[in-house]
Amino acid sequence: RTVSLYGTQRTNAANYQNAITPRGAIIVAARSADVTRNYLLEDASYHPNDLVITKKGSGPDPENPGEELPLIITAADQAYIYNGQPQGSFGQDLYVSATNPQATAFELVPGHRLQLVSLNGQQQTNAGTYDNAIMPSGVRIVNSAGQNQTDNYRIEASSFVAGDLTIHQKGNGQPDPDGSGRELPLDITAAGQTYEFNSQLQGTFGANLTIDAQNAWAAAVELVSGQRLASITLTGRQESAVGTYTDRIVPSAARIVNAGGTDVTRNYRIETGSYHPGTLVIQPAGSGTVTIRARNQEYVYNESPQGVV
């Protein structure tokens with residue numbers, strides 16, 4: 001009916017052989033009468049058994065009753081803004097904290113936390129989403145006292161879930177309020193063009209106009225250091241009459257290159273709203289005030305008033 005069990009309680013996951021020893025058994029009959037004295041019970045009658053503490057995992061293992069499925073440890077996704085340099089945080093034994101959530105472990109014992117994780121992968125430079133680029137491994141789990149508890153968890157190769165590395169396109173330096181982590185689209189503005197009236201149609205338009213120190217047809221702000229606007233397409237209508245033609249010069253199809261001349265345009269967030277038109281101005285002929293000089297007049301004296309006025 002009853003028995004006393006002797007042994008020492010254990011905390012860590014392991015198979016403690018012969019850790020449970022029975023003693024003092026009481027045997028009863030069908031009507032609960034104690035019949036223990038009718039049995040020969042000696043020390044040799046009692047046989048110890050094992051105490052098994054299985055490792056903590058992510059939940060019951062349907063194929064192995066009494067065990068749990070492997071723990072799930074997921075690398076945190078990483079996102080950056082394109083800066084022309086390789087980006088991505090990788091390394092061995094990286095500290096995990098609220099400000100640096102390198103990875104997450106689910107179903108930990110209350111008070112336990114992920115303290116260290118190793119992240120493997122390759123840094124990337126160009127804008128894009130690199131799926132499963134961040135692979136975690138080599139974790140360390142500690143309790144509230146900072147003591148290592150990793151061995152008490154079922155951690156296998158299947159425990160580790162990769163995270164994504166995202167390099168967002170560069171924008172105008174202002175955060176997009178949509179919460180995506182991106183910047184607002186780049187701003188590209190056509191330079192104003194000013195000409196002196198010559199009775200001819202004036203205004204420079206065309207596809208893929210080269211931009212250099214002498215021909216600054218457009219400007220882009222917040223480009224990565226060392227990168228520049230290399231060409232632009234300008235559309236509009238030429239004019240011959242003196243006047244100010246607001247928003248007449250419409251830019252599009254910008255091309256941006258790095259210091260080595262490689263096209264890096266796709267690394268910038270360029271949308272329809274990125275382009276801002278410029279103004280075409282035709283000024284009156286002459287620089288400043290026009291001087292009108294009367295022509296000399298010469299006559300022979302004839303006693304009458306002379307001179308054209």
Side-chain angles (χ1 to χ4, degrees), residues 80-84 125-129 166-295:
Y80 302 87
I81 300 295
Y82 171 77
N83 66 1
T125 299
N126 292 322
T129 296
T166 299
I167 309 293
H168 292 300
Q169 292 175 313
K170 183 77 178 73
N172 68 1
Q174 299 300 314
D176 192 323
D178 65 4
S180 64
R182 302 183 300 171
E183 291 183 350
L184 290 170
L186 192 69
D187 290 309
I188 301 170
T189 304
Q193 298 181 25
T194 300
Y195 300 89
E196 185 176 281
F197 173 77
N198 65 1
S199 75
Q200 305 296 316
L201 289 172
Q202 298 187 87
T204 299
F205 302 98
N208 303 321
L209 299 175
T210 298
I211 295 175
D212 53 32
Q214 289 72 41
N215 298 288
W217 302 118
V221 295
E222 292 294 332
L223 295 185
V224 170
S225 177
Q227 300 187 0
R228 62 183 180 83
L229 197 58
S231 66
I232 193 76
T233 292
L234 299 179
T235 56
R237 187 177 72 248
Q238 291 181 314
E239 297 289 346
S240 60
V242 170
T244 297
Y245 303 93
T246 303
D247 296 341
R248 177 57 58 84
I249 308 166
V250 180
S252 63
R255 187 171 71 91
I256 301 170
V257 299
N258 61 18
T262 301
D263 191 332
V264 294
T265 309
R266 74 179 186 88
N267 292 308
Y268 287 86
R269 185 181 178 187
I270 300 175
E271 301 178 359
T272 302
S274 295
Y275 294 103
H276 306 286
T279 298
L280 173 63
V281 177
I282 308 295
Q283 294 181 334
S287 57
T289 302
V290 177
T291 300
I292 301 175
R293 189 182 302 278
R295 188 174 62 181

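Here OG of Ser231 is found 8.0 Å from CG of Asp263. Values are rounded to the nearest 0.5 Å. Here the CD atom belonging to Gln238 is positioned 9.0 Å from the CD atom belonging to Gln193, to the nearest 0.5 angstrom. Thr235 contributes atom OG1, which lies 11.0 Å from atom CZ of Arg248 (distance to the nearest 0.5 angstrom). How far CG of Leu280 is from OG1 of Thr194: 8.0 Å, rounded to the nearest 0.5 Å. Annotation: the span from Ile270 atom CD1 to Asp187 atom CG amounts to 10.5 Å, rounded to 0.5 Å.
Here the side chain of Glu183 pairs no donor or acceptor atom with the backbone of Pro175 at under 3.5 angstrom.
In this structure, Lys170 and Glu222 have side chains that are in contact, with non-hydrogen atoms separated by less than 4.5 Å. Side chains of Tyr275 and Ile232 form a contact here, defined as non-hydrogen atoms less than 4.5 Å apart. Two residues are said to be in side-chain contact when any heavy atoms from C-beta on lie closer than 4.5 Å; Tyr82 and Thr125 meet this criterion. For the pair Phe197 and Gln283, the minimum side-chain heavy-atom distance is 4.5 Å or more. In this structure the side chain of Arg228 never reaches within 4.5 angstrom of the side chain of Ile256, judged on heavy atoms. Taking 4.5 Å as the limit, some side-chain heavy atom of Leu234 sits within range of a side-chain heavy atom of Leu209. Under the 4.5 Å side-chain criterion, counting only non-hydrogen atoms from C-beta, Thr265 is not in contact with Val257. Taking 4.5 Å as the limit, every side-chain heavy atom of Trp217 sits out of range of all side-chain heavy atoms of Ile249.
A search for side-chain contact (heavy atoms from CB on, under 4.5 Å) contacts involving Ala220 returns Leu186, Ile188, Leu223, Leu229, not counting sequence neighbours. Not counting sequence neighbours, the partners of Asp176 by the salt bridge (Lys or Arg N to Asp or Glu O under 4.0 Å) test are Arg182, Arg269.
Side-chain N/O atoms of Tyr195 and Thr204 include a donor and acceptor closer than 3.5 Å. Using a 3.5 Å distance cut-off with no hydrogens or angles, the side chains of Gln227 and Tyr268 do pair a donor with an acceptor.
The two residues Ala253 and Thr233 come nearest to each other via the heavy atoms CB-OG1, 3.7 Å.
Screening Gln202, Gln200, Glu196 against Asn198 for a side-chain hydrogen bond (donor to acceptor under 3.5 Å, both in side chains) leaves a single residue, Gln202.
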